[in-house]
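Encoded as structure tokens, the structure appears first; notes follow it.
The chains referred to below are lettered A, B, ... by the order of the sequence lines, with proteins before strands, and numbering in each begins at 1.
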Amino acid sequence: MSYLSNTYLFLILPFIVVVYSIFLKKYRWVCLLVASYAFFFIISGKLLLCLLFTTIHCFLYGLVIKKYDADCALEQEKKDIDKKEVKQKFKLKKKRVLVISILIQVAILFAYKYMPFFLGNINSIFAWFGSDYQFKISKIIAPIGLSFYTLEALSYMIDVFTGKIEAETKVYKLALFLSFFPQTMEGPIARYDKDSSLFEGNNITYKNLCFGLQRMVWGSFKKIVIADRLNPIVKCVFATGSSYSGFVVLFGAISYTIMLYMEFSGTMDVIIGSAEIFGVKLPENFRQPFFSKNISEFWARWHITLGAWFKDYIFYPVSLAKKMKSLTVKARHKLGNHFGPLLTGSIALSAVWLLNGLWHGAGWNYIFFGVYHLFLIILGNLFEPYMKKLSDKFHIDRTKKLYRAFQFVKLFLLVVIGELFFRAVTLSDGFRLFFSIFKGFTLKNVFDGTLMNLGLDGYDFVVLGISILVVFVMSLLKEKDIDVREKVSNMNIVARWILYLSLIMFVVIFGAYGPGYQAIDPIYANY
Amino acid sequence: MEKLIEILEGLNPDVDYANTKDLVDGHYLDSLTILSLVSEIEDEFDVEIPTIEIVPNNFNSVESLWKLITKLQKDE
């Protein structure tokens with residue numbers, strides 16, 4: 001089930017909203033928790049036990065750390081005692097518990113998500129060496145959203161260890177944080193905050209309801225009108241890519257990038273909008289990523305919460321570890337302020353991008369996807385001083401519109417190539433498709449009717465063109481800090497509702513559903 | 001504070017540090033620049049910046065960075 005299915009939009013969500021508003025404010029968390037667990041059971045069945053285990057594990061872990069902190073403080077109060085030594089002793093104890101807890105969570109993730117891939121590769125190695133022994137690989141069904149709630153659980157554990165947050169003593173709060181139904185399938189990956197609006201039992205106000213629904217309709221527009229409409233092209237090109245001319249393959253890859261953005265950001269709008277109805281503010285996951293100046297910035301604006309997770313829990317801890325820090329200092333003295341930190345930063349970035357690739361899926365194409373971005377980011381940083389010198393020498397103003405347009409096209413194409421490998425079934429499929437872009441590439445295909453044989457007709461292309469333009473203009477306004485939502489909410493009630501109803505009607509009339517279309521399965525729910 | 005501005009200008013001279021309040025959120029300081037900045041600050045001010053303190057709020061302006069440094073100096 002997706003967040004854009006009729007079951008969720010017209011049955012589950014309205015039912016929860018009604019029941020929630022009947023509950024007394026102080027018991028509304030019970031309603032949200034029961035609803036979230038019921039929702040998880042609907043999508044994952046008895047695998048709900050995995051979520052329950054992670055929740056109890058997090059809770060008990062927090063209590064153990066809390067106890068160690070209390071014991072440490074107590075011991076430090078004793079006379080004639082070396083406080084630093086006591087602190088160090090308890091830090092070591094806490095570290096041991098943290099490491100074991102992280103290993104347990106990672107082991108669960110590994111068992112469900114990576115075991116078949118791992119065993120498959122072991123089998124290939126055995127076969128390579130001529131051994132007949134092969135591990136039996138059985139298909140494992142993982143709980144939906146496992147990768148998302150595991151990262152949330154790990155961030156809770158690490159934050160409690162570092163003292164950023166206090167251990168939670170109310171298990172229901174942790175349970176609700178890890179299972180909150182609008183975000184359980186596709187994120188955003190939140191950080192634990194005991195004062196979160198999630199636990200407040202806010203009233204469902206007219207403003208929250210309008211703002212939430214408004215965002216959900218906007219998300220539905222992106223997903224149903226644009227992403228679902230692009231699905232036939234993507235399926236067609238990625239299934240039989242190399243038999244098409246280079247232009248068609250590139251067109252298919254561009255279509256996939258747009259489809260992925262519209263699907264994921266559209267679903268995110270529905271998720272954040274659903275939470276907004278309950279007065280719960282979830283973190284944003286997108287900030288006009290295609291307006292970024294480079295790949296590095298792109299990843300700070302696309303799937304923001306995942307990037308931030310890797311930055312906070314992998315990149316900084318690795319690059320600022322004692323040994324790495326001294327390496328940075330040495331490298332900085334030898335290679336200068338730019339290349340020195342780049343050297344050590346690249347080591348941490350390698351870990352980040354390898355894990356980022358793997359997080360998206362167990363496959364060599366995902367690993368390649370990670371390595372590809374690592375390569376682009378390092379290359380970008382490596383050449384940045386030279387690019388700057390070059391642009392100064394030729395008096396190129398990098399803030400001018402023409403240069404920004406060049407940056408936009410360059411970035412877009414780089415992203416399209418990355419997403420091509422991401423979508424490909426295997427890595428060799430990815431390479432096959434990539435190289436077929438350069439085979440028989442001709443712009444004639446725009447006019448000779450080839451594009452009409454990919455499952456869409458002229459009407460579809462017109463709807464797509466207008467809809468993508470609307471999203472582009474809205475993103476441009478947002479980029480210029482113009483808050484369209486606030487402007488709409490300030491309109492008089494008649495104009496506002498005419499606008500809302502027009503958008504709903506647009507989705508209903510121009511949505512890509514019915515014969516000839518097939519809605520995309522939620523792409524990120526599989527991660 | 002002047003020394004801090006000097007360090008920042010050494011890393012990226014194109015920013016108006018006195019008036020910019022979104023050094024991280026506005027992408028003036030990326031992750032790699034922050035690595036240089038952290039080691040420069042640690043060398044210059046004899047403090048150790050724990051990873052827990054590397055959050056946009058502490059790095060978004062010269063003032064917030066200075067506040068962090070003075071807090072860490074007190075804690076040492």
Side-chain angles (χ1 to χ4, degrees), chain A residues 158-159 161-165 191 287 291-294 296-301 307-308 310-322 324-333 335-349 352 377-378 380-382 384 388 392 398-399, chain B residues 3-17 19-62 64-65 67-69 71-76:
Chain A
I158 298 166
D159 287 352
F161 172 80
T162 56
K164 192 176 173 186
I165 55 169
R191 307 288 172 88
R287 199 159 59 83
F291 293 130
S292 308
K293 289 189 274 297
N294 51 47
S296 196
E297 189 185 328
F298 176 86
W299 279 97
R301 295 166 69 151
F310 280 118
K311 193 168 75 181
D312 292 347
Y313 300 109
I314 305 288
F315 180 78
Y316 284 131
V318 172
S319 54
L320 294 175
K322 269 192 183 141
M324 290 290 275
K325 254 193 224 174
S326 60
L327 187 65
T328 308
V329 173
K330 276 183 204 159
R332 221 176 75 234
H333 288 155
L335 302 168
N337 260 341
H338 181 76
F339 295 107
L342 182 59
L343 180 78
T344 46
S346 300
I347 299 170
L349 277 175
V352 165
I377 289 170
I378 293 177
N381 276 292
L382 212 56
E384 177 52 27
K388 196 175 175 318
D392 286 348
R398 296 206 277 180
T399 58
Chain B
K3 188 69 210 170
L4 177 62
I5 296 179
E6 208 176 284
I7 292 172
L8 285 161
E9 279 173 345
L11 295 169
N12 186 354
D14 301 332
V15 184
D16 173 13
Y17 290 102
N19 296 311
T20 310
K21 307 289 174 212
D22 60 344
L23 292 173
V24 176
D25 295 333
H27 301 284
Y28 299 101
L29 294 181
D30 61 15
S31 311
L32 289 172
T33 318
I34 289 176
L35 286 192
S36 306
L37 182 60
V38 167
S39 44
E40 289 263 2
I41 289 174
E42 290 190 342
D43 274 5
E44 185 61 40
F45 299 100
D46 197 23
V47 288
E48 195 175 328
I49 303 179
T51 49
I52 185 179
E53 299 289 3
I54 303 175
V55 288
N57 271 352
N58 285 338
F59 283 72
N60 262 337
S61 67
V62 176
S64 58
L65 259 168
K67 215 169 134 185
L68 172 70
I69 294 166
K71 189 190 112 183
L72 291 169
Q73 280 173 331
K74 271 185 197 167
D75 290 349
E76 288 277 310

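In this structure, chain B has no heavy atom under 4.5 Å from any part of A:D159. Contacts between A:K311 and chain B at a heavy-atom distance below 4.5 Å involve the side chain alone, from C-beta outward. Interface remark: B:L32 contributes backbone and side-chain atoms alike to the contact with chain A (heavy atom separation under 4.5 Å). With a 4.5 Å cut-off on non-hydrogen atoms, A:T328 touches chain B through its side chain but not through its backbone. B:I34 touches chain A through its side chain: at least one heavy atom from C-beta onward sits under 4.5 Å away, while N, CA, C and O do not. For a residue to count as touching a neighbouring chain, one of its non-hydrogen atoms must lie under 4.5 Å from one of that chain's; by this rule B:E40 touches chain A with backbone and side chain alike. Contact of A:F315 with chain B is made through the side chain alone, with heavy-atom distances under 4.5 Å.
Interface summary for chain B: among A:P341, A:S292, A:A308, the most heavy-atom pairs under 4.5 angstrom belong to A:P341.
The 12-atom threshold is not exceeded at NZ of A:K330, counting heavy atoms of other residues, nucleotides or ligands nearer than 6.0 Å.
The minimum heavy-atom distance linking A:T162 with B:I52 is given by the pair O-CD1, 3.5 Å. The two residues B:L35 and A:G345 have their closest heavy-atom pair at CD1-CA, 3.6 Å.
For the atom pair CG (A:N294) and CG (B:D30), the distance works out to 8.0 Å, reported to the nearest 0.5 Å.
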